[in-house]
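Contents: one structure, followed by commentary.
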Amino acid sequence: MNTEATFAPEAHLAVCRERRERLLAHAQMLGLQGFVVFGHGSSLGSGTRSHGALRYLTHWDGHDATSLLVCTKTACALLVGSPFLVPLARLRHPDLVVIDASPATWGAHVKHLLGSARSVATVGVDEMPQAAWAGLQAALAPSCETRSMDSWLDGVRCELDPVQQAAHRRAAGICDQLFGALRQELRTGQPAWRIQAEMAHRAHKLGADHCRTWLTVAPMADYPRYWKEECLRIPQANDQVLFGVMLTVDGHWGHGIRMGHMGEPSAAIRCLHEAIEAALVAGLKGLRCGSPLENVEAAMQSLLPARGALESTCFRYGHGLGHSYEEAHATPCFPQWFGAASSERQLSRTPTRPGMLLELHPNVFLAGTGGAAIGEMVLVHENHNECLLDFPRSLADWS
């Protein structure tokens with residue numbers, strides 16, 4: 001599969017312009033005279049939602065800098081927080097007025113761009129640094145109303161068009177290639193963190209913008225291990241291996257998890273794998289157009305050990321996927337069970353619709369036994385679901 005990104009920048013610009021016009025039209029219908037959209041760059045990876053919103057509306061990636069989009073019915077300006085990224089922004093975005101502006105000066109620029117606007121829509125400002133937001137508020141007219149459009153935009157973003165779907169398919173293809181390359185890397189005698197580095201390097205060569213992995217190598221898998229300090233073990237005979245991949249292609253996320261063993265797994269691990277695979281199948285059956293997304297979580301829970309029983313732990317069973325790693329159309333329906341995170345489930349704001357993309361990854365870690373996790377990218381169609389990953393879900397022999 002050719003996974004290299006092939007999007008024409010001109011096509012992106014036209015699509016993004018239409019998206020901005022739709023947001024502006026909705027804001028004006030509500031009596032709002034413009035909008036401001038804050039976004040981190042992609043360097044935070046899965047740790048930001050605001051990047052996904054800004055990327056959706058502009059296709060701009062500020063990398064390690066913050067940016068602010070300001071639009072009215074007469075103009076759209078992109079305030080770039082780092083001077084080193086301004087040349088790139090002007091090269092890639094001739095449709096926008098690109099302004100070299102550190103966040104400390106955003107207030108003055110916004111005041112000039114919005115003029116005497118009395119009401120403004122906002123997106124992503126919950127992730128904006130407090131100093132930048134305070135400067136923005138001080139610059140606006142005292143009576144200027146700001147109204148969040150995050151929820152509305154989340155609903156619009158949840159149905160992926162064919163161009164977006166194609167990008168996610170390319171991302172899935174790179175995930176598959178990393179899963180296929182893992183066996184060879186596990187046999188090199190390198191510690192797990194070096195294997196992760198090789199996987200990320202391979203992903204970038206295949207066309208990924210960003211890649212992060214977790215790799216748990218242990219006689220009994222205990223939790224997702226991400227960082228060098230916790231991934232020092234060299235794979236050995238009889239180790240469990242759980243491998244999670246999170247990457248982007250042109251800002252579109254790909255994500256998957258596969259599990260295997262260095263040699264013959266125990267009967268207990270085989271049972272865990274079977275339970276996790278059965279839970280995934282149940283979740284897929286529960287994912288249907290028009291049905292509540294909460295059904296998916298409930299279906300997977302029904303086939304897994306009760307949380308806390310037998311000293312078990314788990315992380316979130318699923319989330320929405322798109323320009324953001326955890327898209328809001330689906331993620332609140334899947335509580336984050338790991339650690340001290342809140343376990344309160346929230347009701348879905350939108351019904352399941354064609355074009356939605358989810359990551360389903362049921363998982364469990366049992367003290368004294370080990371862990372199991374399988375993750376699938378699932379695209380919802382009118383009458384069926386499509387799993388975008390091709391690598392087998394079976395318990396792999398990675399010895």
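This chain uses plain numbering: 1 for the first residue, then up along the sequence.
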Tell me which pairs pass ring-ring contact (aromatic ring centres under 6.0 Å, His included) where either residue lies in residues 366-399, with sequence neighbours left out. F179-F391, H381-H384

With a 4.5 Å heavy-atom cut-off, do L360 and V296 have their side chains touching? yes

R225/E230 salt bridge by N-O under 4.0 Å criterion: no

Suppose we call two aromatic rings close when their centres sit under 6.0 Å apart. Are F38 and H40 close by that rule? yes

May I ask you to check if R19 and Y56 form a cation-pi contact, with NZ or CZ under 6.0 angstrom from the six-membered ring centre and within 45° of the axis? yes

Could you tell me whether a side-chain N or O of R353 sits under 3.5 Å from a main-chain N or O of G290, the two making a donor and an acceptor? no

Ring-plane angle category for F365 and F315, please: parallel below 30°, perpendicular beyond 60°, tilted otherwise. tilted

Can a side-chain donor-acceptor contact be found between S324 and R157 if the only test is distance below 3.5 angstrom? yes

Does the distance from a Lys or Arg side-chain N to an Asp or Glu carboxylate O, for D154 and R49, drop under 4.0 Å? yes

Shortest non-hydrogen contact between T331 and E326, atoms and distance: OG1-C, 3.4 Å

Quick check with a 6.0 Å cut-off and a 45 degree axis cone: is R90 positioned over the face of W60's six-membered ring? no

Would a distance-only check, ignoring hydrogens and angles, find a side-chain to backbone donor-acceptor pair under 3.5 Å from S67 to G39? no

Return the orientation label for the H252 and H59 ring planes: parallel under 30°, perpendicular over 60°, tilted otherwise. tilted

Side chain of Q33, backbone of R118: donor and acceptor closer than 3.5 Å? yes

Side chains of N295 and T352: does their closest heavy-atom pair fall under 4.5 Å? no

Using the ring of each side chain (for Trp, its six-membered ring), is H319 parallel, tilted or perpendicular to H255, with breaks at 30° and 60°? parallel

Between F338 and M220, is there shared hydrophobic-cluster membership here, with clusters defined by ILVMFWY side-chain heavy atoms closer than 4.5 Å? no

Check the hydrophobic clustering (I, L, V, M, F, W, Y; side-chain heavy atoms under 4.5 Å; chains of links allowed) and say if L54 and Y325 are grouped together. no

Pairwise side-chain contact, V281 with K285, heavy-atom cut-off 4.5 Å (strictly under): yes

Looking only at side chains, do S50 and E127 share a donor and an acceptor under 3.5 Å apart? yes

Could you pull out the closest heavy-atom pair between L366 and L272, with the gap in Å? CD1-CD2, 3.7 Å

Does Q236 have more than 12 heavy atoms from other residues, nucleotides or ligands lying within 6.0 Å of its CD? yes

By the disulfide (SG to SG under 2.5 Å) test, which pairs, at least two apart or in different chains, include something from residues 37-153? C71-C76

Non-hydrogen side-chain atoms of Q164 and H323 separated by less than 4.5 Å: yes

Do W152 and L23 make a side-chain contact, defined as non-hydrogen atoms from C-beta onward lying under 4.5 Å apart? yes

Are side-chain heavy atoms of R393 and R258 found at a separation under 4.5 Å? yes

Keeping the roles fixed (side chain from N385, backbone from L284), state whether a donor-acceptor pair exists under 3.5 Å. yes

Carboxylate-amine/guanidinium proximity below 4.0 Å for E359 and R316: no

